[in-house]
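What follows is a short report on a single structure.
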Amino acid sequence: MKDRIQQLLSEINAFKAQNKEELEQFRIKFLGKKGVMGDLFNEFKNVPSELRKDVGVLLNDLKNKAQEAINNHKEAFETDNSSTQAIGDITLPVDLGQVGSRHPIAIVRNEIIDIFSRLGFTVAEGPEIEDDWHNFTALNFPLEHPARDMQDTFFIEKDPDIALRTHTSSVQVRMMENNKPPIRSIFPGRVYRNEAISARAHCFFHQVEGLYIDKNVSFADLKQTLLYFAKEMFSADTQIRLRPSYFPFTEPSAEMDISCNLCGGKGCSFCKHSGWVEILGCGMVDPAVLENCGIDPTVYSGFAFGMGIERITNLRFQVKDLRMFSENDQRFLSQFKSAL
Ligand code: PHE
């Protein structure tokens with residue numbers, strides 16, 4: 001075995017690769033999985049114990065020499081390349097290829113998150129495939145109640161308990177079930193409804209939900225929070241108005257309009273000449289909902305709101321046809337590059 005090692009050692013010492021391929025062949029021969037070194041180490045198991053120490057030293061030495069030879073060549077090839085290959089005109093502009101742009105819905109979602117984070121709201125998410133409890137029952141939509149008709153969705157025939165969520169309010173329930181107040185979070189995400197697809201409706205869209213639960217949270221807190229949001233999102237002179245409304249899970253409930261940011265409230269075709277556009281639903285969390293989620297309504301109160309991101313995006317960028325958001329047409333998407 002010693003002779004064999006000697007012979008391989010001379011081979012390594014004499015080795016001179018002309019190119020990277022030869023170097024790679026050498027590496028495979030010596031250090032590859034089925035290479036010479038592997039064979040030798042296997043044979044080493046049969047070496048009588050009195051010779052083991054000597055042979056072991058020789059073997060390790062051989063392995064190191066092979067590795068060294070490879071390293072030296074590598075370095076030589078690398079320095080050679082940079083000194084001999086033409087690198088071209090380094091003053092030419094670099095072609096970065098095609099750089100994509102953020103989707104308008106993502107741009108607006110990120111802005112909404114930014115605004116609420118400045119007020120101390122954290123971000124959380126919930127599953128799009130929901131169960132009846134989180135999407136409906138815990139939120140005061142009893143089984144068979146007509147309020148469910150407004151939010152028809154997609155169910156699995158085999159198990160009607162599983163459905164695609166119709167709103168991000170389901171995440172409110174999950175948040176309250178799993179956290180103790182104070183809770184101050186927003187929940188962005190995709191929601192689904194069984195609607196005929198048109199320029200103004202789609203079977204899926206995006207919402208951002210907000211939830212604030214603590215001691216002594218009042219309707220005034222809700223109003224001030226939403227006013228701040230509207231001014232940050234649109235412009236400092238934006239006004240809001242709250243109209244009484246109904247949601248099963250908030251009491252009292254309201255719908256919020258902002259002064260139309262396209263005509264400044266004077267009246268235009270976008271706001272149907274009313275000067276106002278509706279942007280979200282909101283209200284004080286119904287005590288029954290707090291109780292369903294394990295929060296004591298005699299100690300805590302809170303508000304919630306939910307808005308459609310498509311709607312806000314529409315106000316920001318005047319996208320008239322909802323379908324464009326999901327068609328992935330480059331001519332549409334590339335127009336938002338500068339809005340990043
Ligand atoms: N979930 C309601 C909807 O989708 C919006 C909403 C959220 C209303 C929170 C009140 C409070 O229509």
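Start at 1 and go down the list; that is how both ligands and their atoms are numbered.
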Checklist entry - How many angstroms lie between atom CD1 of Ile5 and atom OG of Ser10, to the nearest 0.5 angstrom? => result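 Interatomic distance, Ile5 CD1 to Ser10 OG, rounded to 0.5 Å: 11.5 Å.
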
Item to check | Point-to-point distance, once rounded to the nearest 0.5 Å, from OG of Ser169 to CD of Gln207 | outcome: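 Answer for the OG-CD pair, Ser169 versus Gln207, is 6.5 Å.
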
Checklist entry - Considering the options Ile112, Ile113, Val208, which one meets the side-chain contact (heavy atoms from CB on, under 4.5 Å) requirement together with Val123? => result Ile113

Item to check | Matching residue for Val171 among Glu130, Met176, Arg165 - test: side-chain contact (heavy atoms from CB on, under 4.5 Å) | outcome: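 Among Glu130, Met176, Arg165, the one that satisfies the side-chain contact (heavy atoms from CB on, under 4.5 Å) with Val171 is Arg165.
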
Checklist entry - When only distance counts, is His167 in polar contact with ligand 1, meaning an N/O pair under 3.5 Å? => result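 Yes, at least one N or O pair falls under 3.5 Å.
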
Item to check | Sub-3.5 Å N/O-N/O distance, Gln207 and ligand 1 | outcome: yes

Item to check | Residues Asp132, Arg148: salt bridge by 4.0 Å N-O rule | outcome: yes

Checklist entry - Can you name the nearest heavy-atom pair linking Gln239 to Trp276, along with the distance? => result O-CZ3, 3.8 Å

Checklist entry - Hey, does the side chain of Arg52 reach the backbone of Lys45 with a donor-acceptor pair shorter than 3.5 angstrom? => result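 Here the side-chain-to-backbone pair exists.
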
Enumerate the atoms of ligand 1 whose separation from the nearest heavy atom of [X] is less than 4.0 angstrom.
| X | value |
| --- | --- |
| Gly306 | 6 (C), 7 (C), 9 (C) |
| Gln151 | 3 (C), 4 (O), 12 (O) |
| Phe305 | 7 (C), 9 (C), 11 (C) |
| Cys282 | 8 (C), 10 (C), 11 (C) |
| Ser169 | 1 (N), 7 (C) |

Next on the checklist: Is any side-chain heavy atom of Asn292 closer than 4.5 Å to one of Thr137?
Outcome noted: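 Counting from C-beta outward, Thr137 and Asn292 never come under 4.5 Å.
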
Next on the checklist: Checking contacts here: is it the side chain or the backbone of Arg193 that comes within 4.0 Å of ligand 1, counting heavy atoms only? Could be both or neither.
Outcome noted: side chain

Next on the checklist: Any atom of ligand 1 sitting under 4.0 Å from a heavy atom of Met150?
Outcome noted: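 For ligand 1, residue contact (heavy atoms, under 4.0 Å) with Met150 is absent.
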
Next on the checklist: So is Met307 touching ligand 1 or not, going by heavy atoms under 4.0 Å?
Outcome noted: no

Item to check | Shortest protein heavy-atom distance from atom 2 (C) of ligand 1, along with the residue and atom involved | outcome: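 Minimum-distance protein heavy atom for atom 2 (C) of ligand 1 reads Phe249 CZ, 3.8 Å.
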
